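Reviewing the structure listed below.
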Amino acid sequence: MKKVQRRALSVLLIILCLMGGVGYFTFRFFHEGEKWINFTANKHIYSGGMVIGGAIYDRDGNPLLHTVDGVRKYSENESVRCATMHIVGDKKSNIATSLQKVYANEMVSYNIVNGTYSVGGMGNYIYTTLDPDACARAYEKLKGQKGAVCVMNYKTGEVLCLVSTPTYDPENPPKIEDGDDAYEGVYINRALSSRFPPGSVYKTVTAGAAIENIADIDEQVFDCQHTFVTNGQKVVCSGTHGEQDFRTALRNSCNVAFGQISIQVGWDATTAYAQKVGISTAHELSGIKTVKGTVASSGGSNELAWLGIGQNTDEVNPYAMMRYMGIIANGGVCQEPYLVEDITTSAGLKTGFARTRKSQRILSEDTASRLSDMMRYTVSNGYGDRHFPDGMEVCAKTGTAELDGKKKSHAWFVGFSGNEQYPYAFAVVVQNGGSGYSVARPIASEVLGALKEKADKAN
Ligand SMILES: [Zn+2]
């Protein structure tokens, strides 16, 4: 009898193990099926690293990637191919933030019930918000320098231009030798995944924090005699600006004034503001994660002064900077930027993909409009409207982030068009490019020009 009992118990144990195993497999299938399918070596989905199905389009309906006679093809235009490689993805799927990588499921139309089967077997179509002309112009104007150009429509949140260099023609990939400086970090989307010291563009963050935290900031006068000393350290300005008010201090990009303003704002308020406007936080652009900025939150008054000027150890992400410009431009309301407008089947049916169109008030109308006025004054009484497309009423700030040693500064230019007919906010950075005014500004102006031309034609 005991023998029978023992056997029954063994059988029961085996059955339990089996059931447990099946249960575990089912659990993993539902949870990780996506990962198994997306594994780059899966020949049902990838061929030599490329997703085999689906297509990606720009906002005008031109293919950025599609299949022609069984062959995967990028855009017909070489500049567009180079300019959009980081978003579309290269042939070997080296770019972690590309649509081919992040939207691999949607492109091959994988789901838990049907697997990768789709009617017609051609996968899904992803319609992006990218403007091909703006992207191509940004790429051409960067002229082989390393950097990033980000432009969004601040009224709708559509990302129009997101270009990162170095890049290459994904249709004709070059042979890249190890340590080739020309292709340093070529698979990183600098717009989304890199951080740079901000230099004076950070004064737009300090100015915002000052407006919200110093009641009499507009009545204060700042006397710049080239340097001032705080916590035993000298803060140096690029000029000797004499007496100036808050608005003029931004136009002059005065380090003495902004160092003192930052100290008045204090660590807590400046940290809270950088967080609120998303300069020190990470973001998600249609499911693609961006890197967060590193902004110090404590230290001596000298470090606080340098932070406010943008020359401490802090680093910010170009995309986050564009998003902040969009908030100011849109009266304090953030239209969360997005890149994917729609996903349809190859037959044109919507897949049920829900676009993330989100808006939230980040700054008061008063803060946003005072910041806009200051940045407008910086252009109209500083850089000069003649450098920008007619009637755009550009509000902006340059940055020339000085670096240690002999390396050339990073050139920055951030801002937006104050004319709501052309609702574009932008951030441009050129790595070791030199002066923000002479290197980054012309790139922004060129891309704004391309967008304006198109908007004028459409009207
Ligand atoms: Zn000064």
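Along the sequence shown, the residues carry numbers beginning at 1. No experiment lies behind these values; they were computed from the predicted model shown. Heavy atoms only: backbone and side chains are in, while hydrogens, waters and symmetry mates are out. In each ligand, atom 1 is the first atom listed, and ligand 1 is the first ligand listed.
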Requested in this report: For the pair Asp133 and Arg137, find out whether any cationic side-chain nitrogen is under 4.0 Å from an anionic carboxylate oxygen.
Outcome: no
Report task. Run the salt-bridge test on Lys276 and Glu212 with the 4.0 Å N-O cut-off and return the result as yes or no. Result -> yes
Query - Axial cation check for Tyr377 ring with Arg247, 6.0 Å and 45° limits - result: yes
Query - Test of ring centre spacing under 6.0 Å for Phe258 and Phe222 - result: no
**Report entry** SG (Cys254) to the Zn ion (ligand 1) to SG (Cys224) angle, given to the nearest 10 degrees
**Finding:** 100°
Report task. Among the N/O/S atoms of His241, select the one at the shortest distance from the Zn ion (ligand 1) and name it. Result -> ND1
Report task. Kindly confirm whether the Zn ion (ligand 1) is within less than 2.8 Å of some N/O/S atom in Cys237? Result -> yes
